[in-house]
Amino acid sequence: MHRQPAVAGFFYPGSAESLRKQVEGFVVSGAEKIKAIGILSPHAGLMYSGSVAGAVYSKVELPDTFVLIGPNHTGLGAPVSLMASGSWETPLGTVDIDEALAALILSKSTRIREDLLAHLQEHSLEVQLPFIQYFKDAFKIVPIQMLDTRLETCLEVGRAVAEAIKERRQRTEDGGQTIGDKDQNSAIRLSACSAQAGNPQSAIHDVLIVASSDMSHYEPAAAAKEKDFKAIEQILKLDAEGLYHVVREHGITMCGYGPAVAMLAASKALGAAKAELIKYANSGEVSGDYDQVVGYAGIVVF
């Protein structure tokens, strides 16, 4: 399926020229790049959260594949929904789904289902794409939406993503192998031996795991910041379970805490050792209303 943009002209400009210009205004020129494993990036309208998203995307080396994990705001679709084939469109162009990696992730978990409905009107992943498209002409994505945010589900999504990435890298290094899906009724061939077949290491598909989340919603700026930094502290400690419990215990209205927990679990399994807060802001800095803000944090995990 070719997914049409759901929030173009609403969360961001509907024309390519206007969108590129807006994103360019959020890019941090000359930022030293980090080879990251995961990031946390916000997903509000770009006029509000774009400065934070722009800062975090400016800070990382962008690979060829992105696993995008976001919250399901619409309530549609499966508890954990992965779109396994097709493409997504924004005014800046079309992005294909990495079908091989998507199939591998599906094979690693019974909780993750192939599903289209959850993705059709959801904005949390769509608004990540213009930032990646600004920096890269060609890349692929694996989109995952989470409605089920129980701890065991978050950790399993993270485990499945990490295991799939590890297996793909290993099979790429081995020169391409055939694997079965979780029902062992079909197989996929990983394309490891293209023009780079003489150098298996150079053919490895690097992957960035993107957790899409805003922070506290509709609280006074000071209260939002105090709560948000309780959650941020856990992310900086790479403590996936700690983040889950802090959010629940302190009533932090972080809409993508499930995806963030999954990203942290996957990143640690892939060898992450550090995290860095790139930028924190809130909607009041744009609207002037500091009585009811939404918080935004951009974090790099590496």
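Numbering starts at 1 and runs along the sequence shown. What's counted below: heavy atoms across the whole structure, side chains too, no hydrogens, waters or symmetry copies.
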Problem set entry | Tyr280 and Val52, any side-chain heavy atoms less than 4.5 Å apart | no
Exercise. Do Leu120 and Leu76 have side-chain heavy atoms sitting under 4.5 Å apart?
Worked result: no
For this session: Could you check if a side-chain atom of Ile97 sits within less than 4.5 angstrom of a side-chain atom of Pro143, using non-hydrogen atoms only?
Result: yes
Exercise. Would you find more than 12 non-hydrogen atoms of other residues, nucleotides or ligands less than 6.0 Å from Gln121 atom CD?
Worked result: no
Exercise. Hey, are Gln128 and Ser212 close enough side-chain-wise for a donor-acceptor pair under 3.5 Å?
Worked result: yes
Problem set entry | Sequence neighbours excluded, every pair satisfying side chain to side chain donor-acceptor pair (under 3.5 Å) that has a member inside residues 235-261 | Thr149-Tyr257, Tyr244-Arg248, Arg248-Tyr257
For this session: Take Tyr57 and Tyr134 through the ring-ring contact (aromatic ring centres under 6.0 Å, His included) test and state the conclusion after the steps.
Result: CA-CA 10 Å; Tyr57 280 107; Tyr134 178 85; over 10 Å; no
Exercise. Taking atom NZ of Lys274 as the centre, does the number of heavy atoms from other residues, nucleotides or ligands within less than 6.0 Å exceed 12?
Worked result: no
For this session: Look at the rings of His123 and Phe11 and say which category their plane angle falls in: under 30° parallel, 30 to 60° tilted, over 60° perpendicular.
Result: tilted
For this session: Establish, from distance only, whether the side-chain atoms of Glu122 and Ser124 form a donor-acceptor pair under 3.5 Å.
Result: yes
Exercise. Are more than 12 heavy atoms from other residues, nucleotides or ligands located less than 6.0 Å from atom CZ of Phe135?
Worked result: yes
Problem set entry | salt bridge (Lys or Arg N to Asp or Glu O under 4.0 Å) partners of residues 217-234, not counting sequence neighbours, each pair once | Glu219-Lys227
Exercise. Going by heavy atoms in the side chains, are Asp206 and Lys35 under 4.5 Å from each other?
Worked result: yes
For this session: Mark yes when over 12 heavy atoms from residues, nucleotides or ligands other than Glu152 sit less than 6.0 Å from its CD; otherwise mark no.
Result: yes
Exercise. Between Phe139 and Phe66, does the ring centroid distance fall short of 6.0 Å?
Worked result: yes
For this session: Kindly indicate whether a cation-pi arrangement holds for Lys279 with Phe26, taking the cut-offs as under 6.0 Å to the six-membered ring centre and within 45° of the axis.
Result: no
Problem set entry | Intermediate values then yes/no, salt bridge (charged side-chain N to carboxylate O under 4.0 Å, His left out), Arg159 and Glu156 | CA-CA 5 Å; Arg159 177 193 56 77; Glu156 180 167 329; 3.8 Å; yes
Exercise. Is there side-chain contact between Met83 and Leu116, with at least one heavy-atom pair below 4.5 Å?
Worked result: yes
For this session: For the pair Thr74 and Asn72, evaluate side chain to side chain donor-acceptor pair (under 3.5 Å) and give the outcome as yes or no after the intermediate values.
Result: CA-CA 6 Å; Thr74 68; Asn72 182 334; 3.1 Å; yes
